[in-house]
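Contents: one structure, followed by commentary.
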Number of protein chains: 2
Amino acid sequence: MNSPRRVTLQDIATSVGLSVNTVSRALAGKSAVSEETRAMIKAEADRLGYVPNTMARSLVLGQAMTIGVVITNPSNPFYSRMISAIEQRGSTLGYSVLLVVSEENHANELRAVESMRRWGVDGALVVPVQPEVDHWRRLVAAGTELVLVNRDLPELDCDLVGIDYERGAYQATLHLLDSGVERMYLLEEDLAISTVGARMAGFDRALTERGVPAESVRVLRVPTRRRAANTLPWEPAEAYELAQRLVADVPPRSGILVGNDYFALGVYRALTEAGRRVGEDVSVVGFGDHPFSAYLDPGLSSVRLPAEQVGTAAVDQLVARIGRRGSGAPRTRISFPGELVVRGSSNHRQSTAADPGSR
Amino acid sequence: MNSPRRVTLQDIATSVGLSVNTVSRALAGKSAVSEETRAMIKAEADRLGYVPNTMARSLVLGQAMTIGVVITNPSNPFYSRMISAIEQRGSTLGYSVLLVVSEENHANELRAVESMRRWGVDGALVVPVQPEVDHWRRLVAAGTELVLVNRDLPELDCDLVGIDYERGAYQATLHLLDSGVERMYLLEEDLAISTVGARMAGFDRALTERGVPAESVRVLRVPTRRRAANTLPWEPAEAYELAQRLVADVPPRSGILVGNDYFALGVYRALTEAGRRVGEDVSVVGFGDHPFSAYLDPGLSSVRLPAEQVGTAAVDQLVARIGRRGSGAPRTRISFPGELVVRGSSNHRQSTAADPGSR
DNA sequence: ATGAAAGCGCTAACAA
DNA sequence: TTGTTAGCGCTTTCAT
């Protein structure tokens, strides 16, 4: 009933009548062991069910073989897909993943830093909550390699792997204007993060380029207060309420760009309830191409974000950093393009819904 | 530039001119230290920026202070919410989370077991992929406490924390029949997992209870093959294709119960394209109450699943087990009820959409 | 090719 | 109250 003590190198050594050292080298595939002894030792290790103790190994080697992952909100499909990719890529490279969820909460980030330091993780992949950087600096100062993911922290001098939101927003805005939109709205998250700024910049650039007058443009921030402990920070409900108030103002030939597809849900409902038809007199484009977006009616045009690529590249970047520990290599910034997927919500010319197979 | 070596107990000891042991006890809050020395040591620890080395601590204590979490697919909102809850609850109780993502893939589960054993995690929270249990047995035999989450493994004698899907399906089916449905369809995942079986059982129970003739009932399995590496295992696309073929057959006053809300997306589209109106001549009810479900048009009725409660309870159960290590306490099974949320998709009597605020 | 010894950073038993 | 010793399981000198 009671679980037997874990098998150690010592157990194997005793069993085969050799020293711990030899067993260690045999199992590690080092050279200085005769092939027959090695085979013998391996067989015995198997027989006893030996599993190396990572903690002991890490302690002596001084490397944890672990990367810390600090995510704000796994319920965001973008992050959940990223987590999968990170974990898979990490394990391929021999790293385990220590996960901390910040829930957009600073206190949890402090907790994360604490945890990373205690474990002595080799590096951390971080989606930061706030512009504040002190705690991250502390982590870096302690010798942990840090790679920011998706959100940038200008004050922090370290690698970033993310998305080119500026360009994504630029293209999406152009697309809306090209499809005949005359008035533009931008609904954005009310968070002080780089992604929002980038999208706003791209939005502005497109408008300027096309000479859209300022009075035809409105930027609105969707409150991100939480309704309850278990709700998403980006509630469609918030966008819905905001859009409800907006709807009366929104003339035909309007375009609404929203910072994430959840917001589009609220906008759809507000418009539908007001008797407006999305994709006909009002166009909507979102960000993220969430799993549901292709299946809304009409299908939601959205900027698809390559979450897996970001996750994989982030791990690669981090592991590369770990490899050349504290070499002071200049910081790298990788950004992947989003891909605008056009569907019925912004397709004035053709009124049919987009092919769902296209997602 | 180069990161300084980590501060150890030894460093503090040298600095204050005491032994490592005293420093250890002072910092651990043990009794046998005078209050002034303790204060002095603590101050020095702070000054030097001491952070305890968890690995060293775990190695000597023989407990990893870590729980392994094996999840099939974080992109499922149910699991992503659960992951958050698990991580938060775990950290409250002093446990870190080592995450492995199986992606519904057996090979990844084997990898997970390997990883858990190497790290010597104190316990693991597992959403199993397959009925096969050998590898889990191995993990348990190695002394790791195991709690199954959401999906049961009848052959494995260990704790389970999940959802009462049988009852959820039973109630959802009764609800459909009560709203005037005469023909019933069940679209289920094509996976050999307990949740599917439970929902089918609940479905059958309701039908039997109401005396619905067998010829008025059809159960269909939605293929779960993956279209590409980055797609969800539960593609709305699969449900869509299946529903397309089904639509011609589906008479008015039909009810469709689907195993998860993603499937409902495909069903909605198929019905809409065929000119059928969801919630009028065909009712649909899903499972999971995903974030988008309240915002579909009409709102999707769905059985809400308390993911956070499941996650929290699972951690509590696991930690309790860890506390009474190998005491051979009989296995526990906790299941939380789902809550049917009725919206426009199954509300024949009232044709208006449900209040979106209700989610 | 193999073994002995030392030590990673920490805690626990036992002395003093 | 404090210090000494030993050891968690492993790897890495340095001998042999």
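So that the names make sense, note that chain A is the first sequence line, chain B the second, and so on, each numbered from 1. If you're wondering where the values come from, they're calculated on a predicted model, not measured in any experiment.
With rounding to whole Å, B/Gln63 atom CD is found 17 Å from D/dG9 atom C1'. Separating the CG atom of B/Leu18 from the C1' atom of D/dT1 is a distance of 10 Å, rounded to the nearest angstrom. Atom pair A/Met65:CE and D/dC10:C1' shows a separation of 15 Å (rounding to whole Å applied). Between the C1' atom of D/dT11 and the CE atom of B/Met55 lies a distance of 15 Å, rounded to the nearest Å. As a whole-Å value, the separation of A/Leu9 CG from C/dC8 P is 19 Å. C/dT11 atom C1' lies 10 Å from atom CZ of B/Arg25, rounded to whole Å. Atom CG in B/Asn53 sits about 9 Å away from atom C1' in C/dC8, given to the nearest Å.
Salt bridge annotation for B/Arg111-B/Glu114: absent, with no cationic side-chain nitrogen under 4.0 angstrom from a carboxylate oxygen.
Of the residues near DNA chain D, B/Val60 and B/Ala32, the one whose nearest nucleotide (by heavy atom distance) lies more toward the 5' end is B/Ala32. Each of A/Ala28 and B/Ala56 was assigned the nucleotide of DNA chain D with the nearest heavy atom; the assignment lying further toward the 5' end belongs to B/Ala56.
Among the atoms of the strands shown, base atoms are found under 4.0 Å from some heavy atom of A/Leu59. Using a 4.0 Å heavy-atom distance criterion, B/Ser58 is classed as making no nucleic acid contact. Among the heavy atoms of the strands lying under 4.0 Å from A/Ser34 are primed sugar atoms or P, OP1, OP2 only; no base atom is included. At a threshold of 4.0 angstrom between heavy atoms, the contacts of A/Arg6 with the nucleic acid are absent.
Within 6.0 Å of atom CD in A/Gln10, more than 12 heavy atoms from other residues, nucleotides or ligands are found, so the atom counts as buried in its surroundings. Heavy atoms of other residues, nucleotides or ligands lying less than 6.0 angstrom from CZ of A/Arg57 number 12 at most.
One finds a side-chain N or O of B/Lys30 lying less than 4.0 angstrom from the OP1 or OP2 phosphate oxygen of C/dA12. Taking only side-chain nitrogens and oxygens, B/Thr22 never comes nearer than 4.0 Å to OP1 or OP2 of D/dT2. Side-chain N/O atoms of B/Ser24 include none lying less than 4.0 angstrom from OP1 or OP2 on C/dG9. Contact check, A/Arg57 against D/dT11: a side-chain N or O comes under 4.0 Å of OP1 or OP2.
Distance from the side chain of B/Thr8 is smallest to C/dG9 among D/dT11, D/dG3, C/dG9. The side chain of B/Val33 approaches D/dT2 more closely than any other nucleotide in the set D/dT2, C/dG9, C/dT11. For B/Asn21, taking side-chain heavy atoms from C-beta onward, the closest of the listed nucleotides D/dC10, C/dT11, D/dT4 is D/dT4. With C/dA12, D/dG3, D/dT12 as the choices, the nucleotide that has an atom nearest any side-chain atom of B/Leu61 turns out to be C/dA12.
Just one residue in the list B/Leu156, B/Leu153, B/Asp159 forms a side-chain contact (heavy atoms from CB on, under 4.5 Å) with B/Leu146, and that residue is B/Leu156.
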Check the pair A/Trp119, A/Thr66 against side chain to side chain donor-acceptor pair (under 3.5 Å), reporting the backbone distance first and the verdict last. CA-CA 9 Å; A/Trp119 280 104; A/Thr66 298; over 6 Å; no

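Annotation for B/Leu99 and A/Leu99: closest pair CD2-CD2, 4.3 Å, computed over non-hydrogen atoms.
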